[in-house]
4 protein chains.
Amino acid sequence: MSKREENKGKKQTAILAAALTVFSQKGYAASKIIDIARAANVGKGTIYEYHRSKEDLFFALFQWYVERIGGEAAAQPMEGNAEERLRLFFSATLSAFYEEIDTFGVFLEFWAAAGNPATRDRFRSAMLSMYDQFRTLVADLVDEGRATGIFTKDTDAVSVAAGLVGAMDGMMLQAWMDRKFDLLTVSEHFLDTLISGMTPHDQRKPIHDN
Amino acid sequence: MSKREENKGKKQTAILAAALTVFSQKGYAASKIIDIARAANVGKGTIYEYHRSKEDLFFALFQWYVERIGGEAAAQPMEGNAEERLRLFFSATLSAFYEEIDTFGVFLEFWAAAGNPATRDRFRSAMLSMYDQFRTLVADLVDEGRATGIFTKDTDAVSVAAGLVGAMDGMMLQAWMDRKFDLLTVSEHFLDTLISGMTPHDQRKPIHDN
Amino acid sequence: MSKREENKGKKQTAILAAALTVFSQKGYAASKIIDIARAANVGKGTIYEYHRSKEDLFFALFQWYVERIGGEAAAQPMEGNAEERLRLFFSATLSAFYEEIDTFGVFLEFWAAAGNPATRDRFRSAMLSMYDQFRTLVADLVDEGRATGIFTKDTDAVSVAAGLVGAMDGMMLQAWMDRKFDLLTVSEHFLDTLISGMTPHDQRKPIHDN
Amino acid sequence: MSKREENKGKKQTAILAAALTVFSQKGYAASKIIDIARAANVGKGTIYEYHRSKEDLFFALFQWYVERIGGEAAAQPMEGNAEERLRLFFSATLSAFYEEIDTFGVFLEFWAAAGNPATRDRFRSAMLSMYDQFRTLVADLVDEGRATGIFTKDTDAVSVAAGLVGAMDGMMLQAWMDRKFDLLTVSEHFLDTLISGMTPHDQRKPIHDN
DNA sequence: TATGAATGAGCGTTCATTCAT
DNA sequence: AATGAATGAACGCTCATTCAT
């Protein structure tokens, strides 16, 4: 790879990283291209060498972000039973959130873009497939638990998956708005209760304390 | 109330209603004052007789919206036991969502405003108190259930409340993005499982089917 | 007419007049909206209250310009025979040119716009109808002269009209580029020769002098 | 000439030819250096190896264009009398126009450049000398005709030359804008009439119809 | 009180030009 | 010599806000 090509790759990453920071901090509309350029240490025109427009940059950032999240989710360990892996997925996702709490704001912007007629189309379909991926991952774990008998047959895997993914989003939102919100503890207790609701009577262990 | 004051009140409401529609459809940044003025059937200047700036109008809308939601939530019936009232609150909230699905988009904008440094301060505190209200409402119901013995002492009311409120937000989001998402069924099954997890063993009823 | 409406009309004219000056001096591309705004003593935004875009303003100017020219051409006197009126039309047009020589440059821009794919459509058709009007005016005079016997039947009215209109354009161009070019004298001699070519032998008067 | 120099010459020509095409199609302002580079099959930077700036390239193109035209005009045959050679010059020029009608648009741009304060100086003087050359060529033919008695002494050679050159420009303009305009026929009839006006009575032949 | 014509700060985007490779 | 990645000055256009009517 020539020096030129190498630089090009680096710059592309620098721009996306800068965009992530700036969009997260100020939101899409209030972020100016010049802000992103400065944060990326490139000229304003350079942004346009890599992205046709501000909106295109934003969408590219979305894809980049989603790919990373998807990659992390797919990288879940294969050991342990369904319940253990469900707990792991849950806590790993929330930990990842804490590590990147500063960039969570951009997610609200992605959602908003998925609702805005001007940007809806591309964002919505990408967003839907991301949610599908997450719900399927959870639903598969629940189904596995039902098959192995650690979760009751009464459990509706798809609904639990949707609710759990939704709860994660919803709690992250609360934690993001209120830094005093103790996400890790709260979410663990919540998951305890939910799992208790999926566990057959004879296998239930009491949940001690809170 | 004089006729003049009455008119003023009507116009004020018309402006807020128009703002709700327009902001919901296009998002805050893409909404123009002229759009709102036209939707409210008033002149552009009139908006500024009632609100000092676009951001002020947006915040006024937020308060108006939150008051309505809070009022609906507070208007929950007092009959039935804790579980029944929890289910009622849950389904009433989600039904209200379906009735106003077109204006849900504005909520994303409120969230985004709560994250944007330029608007953060007023939005965030109002948002926090709204979430507090909802969580307290749910937590009180759970605590009542624990006191009356229909929920186990193991249950952590605060965590369940936070998770449940979060799950509602999260599922509404999924439903809003994907009109094929069957929110009512999914959420009911999810709540079944969660309540099952709070119910003492000896009182559990099996959840039949699907 | 209210004061407001009155002002609106005045401003519209001021903008067009300013556009004429600026476009004439600098050409379309080099003219900035702010230049025109300043020349018209209005704010930059005001231009856009009256014209959707720079190109629209330019086209509006074209129409305004053409209307005036067409009006002048149509206002030719009705007295005298065909030859006299042909000479009058010719000298009146060239005199008008001299009075507005500073704005002739804009005409080159109109022509260029009629050739530019981006603007071609509207400009070309308007330009064609303007030329049609002029050629028809001249051709009618020539035909009248043929009918009354002061011009020979050999004369092809349409060709002479096209050539004469073309010669006027072409000579104005030369005069505009070279202020030493003696348009009035040259054009008169040229017209003498042409008219001589249309005059039957037995009616010809010698052209005296240089 | 070394191979290197030869290549350089070829590239120079390729750039000018590409510039001619692009400027003709889009006009000066709307033509981008990258368009010309691509049309010439060279890199963007290469243009700047041969021309200091876009305007310089445009001026170089002008000179190249004018040289070719001047060359063609100077290459007129020496046989025949003044009238025959005048007719030949006339039809040869118009034929050349038809062959290159696609690049006539660039001529409007040259004219415009001669009027634009930013570019006026160099373009205007070159343009003037070009017109001088043409007018002199025609005037010399007319003077020759006067000397040999086929044109009347009354004829003002300079005026006829200016008018004829102007008429050629003006008619080409009309033909260029309106592809239905029958330039060859029209211009021939027009020249017939003009020549008739220069011909002594006793030598006149009737012009038979059109 | 209500209006909308007028305004100009502000920003996305373009593109001629430069210069490291 | 040839290239094209990088740059930033420059400009068209938008729209929140003002204020004369």
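Heavy atoms only: backbone and side chains are in, while hydrogens, waters and symmetry mates are out. Letters go in sequence order (proteins before strands), and every chain restarts at 1. Here the structure is a predicted model, which means the values were calculated and not measured.
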Do you know which two heavy atoms are closest between B:R120 and B:A114, and how far apart they sit?
CG-O, 3.3 Å
Can you check each nucleotide of nucleotides 13-18 of chain E against protein heavy atoms at under 4.0 Å and return B for base, S for sugar-phosphate only, - for none, in 5' to 3' order?
BBSSBB
Within this structure, what is the CD1-to-P distance between D:I36 and F:dG4, rounded to whole angstrom?
16 Å
Paired stems touching DNA chain E, three or more consecutive Watson-Crick or G-U pairs with both distances under 3.5 Å?
E:2-21 with F:2-21
Contact under 4.0 Å: C:K11 side-chain N or O vs E:dA6 OP1/OP2
yes
Using atom NZ of A:K10 as one end and atom P of F:dA5 as the other, report the distance to the nearest whole Å.
17 Å
Rounded to whole angstrom units, what separation is found between the CD atom of B:Q12 and the P atom of E:dA2?
11 Å
Take atom CD1 of B:I15 and atom C1' of E:dT1, then tell me their distance rounded to the nearest Å.
12 Å
Run the side chain to side chain contact (heavy atoms under 4.5 Å, CB included) check on D:F58 and D:F110 step by step: do they pass?
CA-CA 9 Å; D:F58 189 53; D:F110 292 148; 3.5 Å; yes
Between C1' of F:dT7 and CD1 of A:I47, the distance in whole Å
12 Å
Minimal heavy-atom distance between C:Y48 and C:S53, with the atoms involved, is CE2-CA, 4.0 Å
Taking all non-hydrogen atoms of both residues into account, name the closest pair between B:I15 and B:A40 and its distance.
CA-CB, 3.9 Å
Please determine whether a side-chain nitrogen of the Lys or Arg among A:K44 and A:D35 lies less than 4.0 Å from a carboxylate oxygen of the Asp or Glu.
no
In whole Å, what is the span from the CZ atom of A:R38 to the C1' atom of E:dC11?
13 Å
Minimum heavy-atom separation for D:T103 to D:S24, with atom names?
CA-OG, 3.3 Å
In short, B:A113 meets B:T119 closest at the heavy-atom pair O-OG1, 2.7 Å
Are D:Y65 and D:F62, when compared by the centres of their aromatic rings, separated by less than 6.0 Å?
no
Are D:Y50 and F:dA2 close enough that a side-chain N or O sits under 4.0 Å from OP1 or OP2?
yes
All heavy atoms of C:G27 vs all of C:E109, minimum pair found to be CA-OE2, 3.3 Å
